[in-house]
Structure formats: structure tokens, C-alpha cells
Amino acid sequence: MVDLKAKPYHLSEEDCHWVEETIAGMSDEEKVGQLFFQLTSSHEEDYLRELMEKYHLGGCRYNPAPGAAIQEQNRVLQKYAKIPIFIACNTEQGGDGACADGTYIGFGVKIGATGDEQYAHDLGKLSNEEASAIGCNMAFSPVCDIAYNWENTEIINRAFGNDPERVARMSTAYLKGAHENPSFACAAKHFPGNGLDFRDAHVSNNVNGLDLEEWEKTYGMVYRTLIENGLDAIMGGHILMPKVAKELNPRLTEEEMMPATLSQEIMTGLLRDRLGFNGMVVTDASHMVAMTNRMKRTEMLPAAINAGCDMFLFFNDPEEDFATMLQAYREGVIPEERMTEALTRILGLKAHLGLHRKKKEELVPQPSVLTEMLGRAQTKEIQKQISQKAITLVKYKDKDILPITKERYPRIMIVHVKGSGGAMGELMKLMGMGSKKNPAEVLQQKLQEKGFEAFIYESPLEEMRKQLAAGEKPDVNIYFAGKNAISDFTKDMDLVITLCDVSNGRPSFGMSKGGGEIPWYVFELPVVVVGCGQPTMLADIPQARTYINTYDNKENTLEILIEKLMSGEEAFTGKDPIDSFCGLFDARI
């Protein structure tokens, strides 16, 4: 059932023997433990020791922390592991997906805008060199989804674009970059393919509605390309595929259709039998609603393994989930043959990475390696090059606005538009994640350094909040009923930059009525709208006459943006990797 001498394992007889012998010598508890990836919640040694000695984990993922802390955690995990474990990271956009002080390089959509596969290769190589330095040996990357639906906020930034050929080329380049370290594996995601549904699988169902022929030409082509190039593992997404599932199993009813991670038609029939994938499969996070809304959790855990997934991502309650899977195995709900197959793939991949040949103290590098790898000048230079090539002038109706010079536009107003963000955005704020600097303030400072008189717009709502905080009663009637002359609004500025700092969800304009938050005034004075997060802001600001995507709000990206604005139209070399007009005719006019 598993060919350990074939791609992606390429094991020797000796390595195959280690896999077989190890499985034969495992207790039931040890076998079940290998099926689990757990998200660690503490760096305390006693806690980490219990994970390994009580639950015998096959792999770990962890919460963000500085590299030194993560490296020491990983050292402890391997110290107490009877069988070396996978330690995974989310290096989709750089080493900052491995540790808090790792180096951001660029989201998939930004790499896609360069049109240059070399940068995808650099992303795979450099970000995972940082990850390897802290003891990681697997990336839950590359993202192989295709951004067909602009409303899909789950992957719009993370995918390389909406062209399957580009996604295949760039995800393969990422894989090859990561594989320059032979002890590092990649788990491409999210099979069978996200990007068609507007819904987020974290909170709702997600559906890929393609039929088998259409899927083969798009997502299937991407995964076939990766498999041919030695893809180690695949992360299964909680994605329903009603047409494909029905084609593969005509007797299947609508009620019986499951997301891919629980679907034997998709994980076995499509991935194993049709695509011939011989590598390991791990589920996406098991707390996501697109998985949990299908059945009881006690049924869900063994169902994922029986569907064809080899590893299960994250306990809910360790004691409860471990006991559930152990009972399912002992009672035959998970057949012996399926257990052996999953363990063979898990241990086969560990042997492919050479983990079984290393001493425990060799599994995690020394602290000096971390110091050497994090924040290298080479990585920062690549990040800068990507910004130079990626920043995209998507829409340019008023051909005389550029270049922006202090002689033409001495006074610039910056309008900082933020996103609604939702629950995840609020959680990131509480955890201190995300950008440490206010990008509007950074942009203001950089413009002032160039000699511009730059100021940040304050909305009437912000003014009222200040009045309330000072114990004053704001005049709400003036805000809703009163309007100033257009000339009063425009007299203090020569140009407006609307900076859309939206990382998740849609922009939030407050309750603007004649104020500056929404650029209703695009024919009254020059306006440049900049998307420095999600690249779909034209859907909400279709009236923009000049629209630019920078794809992130990093300080050096904003510096390069100003250089390009001051140079003129020809300085913008990025090519739109998605449809930034969002399929809306009014966004183009």
C-alpha cells in the first residue's frame, strides 16, 4: 500500500527495516500518539514532557514566540520523544511564520505580482532556513489554492494568484527552495483546493464546486506538478466537493457528502488512487467549523483516519481525544491495515528526513545557528527586491496625477482606512500580533522626510470620541445634518492618499457623511487609493481613479511606494496576480 522506496521517500533497505521494526515494536498508545499533531500551549518542560511521554505525539505545532524560546521548546520536545517528532511551522510568507523574530518576505499574492518564480524559490529556501535554525523540520506550505473568488478572505493574500499555471510554477519553486535542505519537508495545502467559495472554513462550510474534468485542469494540475517534483506531504482542507465526490461514487447521497478530510472519495479515491500520491497526509486544524459541523467529535477523529488522512491536526482536549482514537483502534473502528498504512507513511517521512539517524542533541541546532540565520541581510534584500517588482498600479484613470512631487502636491492628507477584522483580528490585537507600527504614521514620516507637508485625517467620529473622553458632549446633530462647502474641505490639501490597511475582512469606514473617510471627492482633488493589505479594496472604493496594491504595510514597502509615486507611472512593474477589480464593472470605470 505504501512504497517506501518510491517518491517521496526514496528509502534504503536499512531505512525500510527501521520503519517496519519500529511499528512492530510499538504499543497501542504509541501507535495512536503518532497520528496526532498537537498545538503546544506552554514552554514549560513538565508540560512538554507529558505531551511526549503520555501522548507519544507524532508532531507538534506551536504558538508564536521569539526564536530562542521556540528553539529551546523544540529541544525539550525531541529530548523526551521516543521517536523523533515532526515540528511544523507556517512559513507561507517568511520566517516570521516560524518565530516572532523571523523575517517576513512576502505573501503569496505579492510573490505572484512579481511574476518571477525565483522569488517563490527564495521564499521557500530562506524562510525555511530560519525555521530549520529553531528546530523545525516541516512547513505547512506552500499554499496551492487558486484565488478565483475575491470575497474569499481566507486565502486571497496567501495564494499566488488566480492563474493555475502560475500557482503550479510558484508553489513548485517554493518546494524546490525548501528542499535545498534535505532534512526539511513541505505539506502543501489545502487539498483539494480552496478559493472558489467566499466562505471561510474556520467558521462555515467551504465548497469547491468544480467537476472532475475542470478540477483536473486546475487544482489537479497544481497538485500533480508538485507530486511529480517530490512533494512530501499534503494538508487536507475541510472542503466539500459535491460534483467530484458524486462522480467517484455515484451512490453517494447529498447527506453523505463530507468535507475532504472526512471523505474517502476525496482523500483516497481522488488523492491516492487517481493522483497516485504516495506521501503523508495531515488534516487541517480540527477546530474549524467546516469539519466539526458534520458529526460528533468522537466519530470525527477515526473518520478522518479512515478517510485516508494519516495525521490529525490538534487535540481539543488531549485526554479525551487520545482516548477516543485509542478506543476506535482497539475496537477495530480504525482497522489494523489502515493504522499500519498511516504509521508507515509517518515513519517513512521521518526516515526520509533522516531524523532516525540523528542523536537527540542533533535534532535541534545550537543557539549560535539561530543567531546566524535570523534577520540575515540576504533575506532582507530579497524582501526589498520583491517590493520593487511587486507593487502594482492596478487602475490609472487620471493620467496626469503621477509623478507626485512636493512642487505639485506640497500638502498631502493621509486617510487611514482600517478593516473590520472580525474575531480573528481582535484576537491578534490582544496577542500583540500584526504590525507593530501604524502604517499611516510611517507613511506620514517618510513623506515628511521627502519634504512634503503630510498630515493624517481625523474623522468626526474620532473628534467626538475625544470630546466624550474629555467629559464634553459632542454636537451629533451637526455631524449628521450639517455639511461644509466643498472648498472648505479641499482648501487645506493638494492630494489625498487613502491607505487601506485591511488585513482581514472588509474596510470599515465608520459613519462618514461628507467627511474624508470615504473618497467621495475623487473629482474634487487628486486621490491615490493604496491597498496595503488585502488587494481587493476596489470592491468597496470603486470610484478610485488611481489604485495601487502594495500587498503589505511593511516600512520598507511604504518607502518603495513613495519612490515609485515620485518617479511616475513607468516605475510600477507589478502585474495584478488576481482580478483586483473583483469582477465588478463599476470598479473599472
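This structure is a prediction, so every number in the text was calculated from the model and none was measured.
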Step by step, would you call Leu270 with Glu265 a side-chain contact (heavy atoms from CB on, under 4.5 Å)?
CA-CA 6 Å; Leu270 184 62; Glu265 288 79 14; over 6 Å; no
Testing the basics here: between [X] and [Y], what is the closest heavy-atom pair and its distance to 0.1 Å?
X      : Y      : value
Pro439 : Leu558 : O-CD1, 3.6 Å
Gly236 : Thr261 : O-CG2, 3.3 Å
Ser41  : Asn63  : CA-ND2, 4.2 Å
Gly237 : Pro192 : O-CD, 4.5 Å
Phe572 : Thr392 : CD2-C, 4.4 Å
Asn128 : Cys89  : OD1-SG, 4.2 Å

Between atom [atom1] of [X] and atom [atom2] of [Y], what is the distance when rounded to the nearest 0.5 Å?
X      : Y      : atom1 : atom2 : value
His352 : Ser183 : NE2   : OG    : 8.5 Å
Ile87  : Tyr62  : CD1   : OH    : 8.0 Å
His121 : Arg169 : NE2   : CZ    : 15.5 Å
Leu275 : Tyr223 : CG    : OH    : 10.0 Å
Ser286 : His238 : OG    : NE2   : 7.0 Å
Arg224 : Phe277 : CZ    : CZ    : 13.0 Å

Flag side-chain contact, heavy atom, 4.5 Å: [X] against [Y]:
X      : Y      : value
Tyr396 : Leu402 : yes
Thr172 : Glu228 : no
Phe160 : Ser171 : yes
Leu77  : Ile85  : yes
Leu538 : Pro542 : no
Ile560 : Thr550 : no
Ser204 : Val289 : no
Met138 : Leu349 : yes

Can you tell me if [X] uses its side chain to pair, donor with acceptor, with the backbone of [Y] under 3.5 Å?
X      : Y      : answer
Lys395 : Ala544 : yes
Gln543 : Pro519 : yes
Thr557 : Ser387 : no
Asp310 : Met280 : no
Arg376 : Met373 : yes
Asp200 : Glu154 : no
Asn208 : Gly193 : yes
Ser263 : Ile266 : yes
Thr103 : Thr379 : no
Arg345 : Gly279 : yes

Taking atom CD as the centre, does Glu213 end up with more than 12 heavy-atom neighbours from other residues, nucleotides or ligands that are less than 6.0 angstrom away?
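Not more than 12 within 6.0 Å, no.
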Taking atom NZ of Lys380 as the centre, report whether more than 12 heavy atoms of other residues, nucleotides or ligands fall under 6.0 Å from it.
no
Within 45° of the axis and under 6.0 Å from the centre of the six-membered ring of Tyr104, does NZ or CZ of Lys554 qualify?
yes
If you draw the axis of the six-membered ring of Phe581, does the NZ or CZ of Arg588 fall within 45° of it and under 6.0 Å from the ring centre?
yes
Show the numbers, then the answer: is there a side-chain contact (heavy atoms from CB on, under 4.5 Å) between Phe184 and Cys136?
CA-CA 8 Å; Phe184 206 89; Cys136 296; 4.3 Å; yes
Could you go through the side-chain contact (heavy atoms from CB on, under 4.5 Å) check for Lys397 and Thr546 one step at a time?
CA-CA 6 Å; Lys397 288 288 187 179; Thr546 301; over 6 Å; no
Could you please spell out the steps behind the side-chain hydrogen bond (donor to acceptor under 3.5 Å, both in side chains) verdict for Asn293 and Asn205?
CA-CA 8 Å; Asn293 69 1; Asn205 287 336; 2.9 Å; yes
Side chains of Asn229 and His179: do they bring a donor and an acceptor to under 3.5 Å?
no
Please assess Tyr551 against Ile391 for the test side-chain contact (heavy atoms from CB on, under 4.5 Å), listing each intermediate value before the final yes or no.
CA-CA 7 Å; Tyr551 307 104; Ile391 295 176; 5.7 Å; no
Salt bridge check, [Y] against [X]: does any charged N sit closer than 4.0 Å to a carboxylate O?
X      : Y      : value
Lys189 : Glu92  : yes
Glu559 : Lys384 : no
Asp145 : Arg158 : no
Arg199 : Glu151 : no

Check the pair Arg166, Glu117 against salt bridge (Lys or Arg N to Asp or Glu O under 4.0 Å), reporting the backbone distance first and the verdict last.
CA-CA 9 Å; Arg166 186 195 305 119; Glu117 295 161 40; over 6 Å; no
Quick one: do Asp197 and Asn206 satisfy side-chain hydrogen bond (donor to acceptor under 3.5 Å, both in side chains)? Show the steps, please.
CA-CA 6 Å; Asp197 200 333; Asn206 186 290; 4.8 Å; no
With side-chain hydrogen bond (donor to acceptor under 3.5 Å, both in side chains) as the criterion, how do Ser503 and Gln534 come out once you've worked through the C-alpha distance, each side chain's angles and the decisive distance to 0.1 Å?
CA-CA 6 Å; Ser503 59; Gln534 288 191 180; over 6 Å; no
So, for Phe37 and Phe140, is the gap between ring centers shorter than 6.0 Å?
yes
For the rings on Phe36 and Phe315, is their centre-to-centre separation under 6.0 Å?
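Here the rings of Phe315 and Phe36 have centres that are less than 6.0 Å from each other.
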Glu129 vs Lys125, salt bridge (Lys or Arg N to Asp or Glu O under 4.0 Å): CA-CA, chis, key distance, verdict:
CA-CA 6 Å; Glu129 283 178 347; Lys125 180 178 186 294; 2.8 Å; yes
Can you spot which of Asp122, Leu123, Ile111, Val143 makes a side chain to side chain contact (heavy atoms under 4.5 Å, CB included) with Tyr174?
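It is Leu123, the one option of Asp122, Leu123, Ile111, Val143 that forms the side chain to side chain contact (heavy atoms under 4.5 Å, CB included) with Tyr174.
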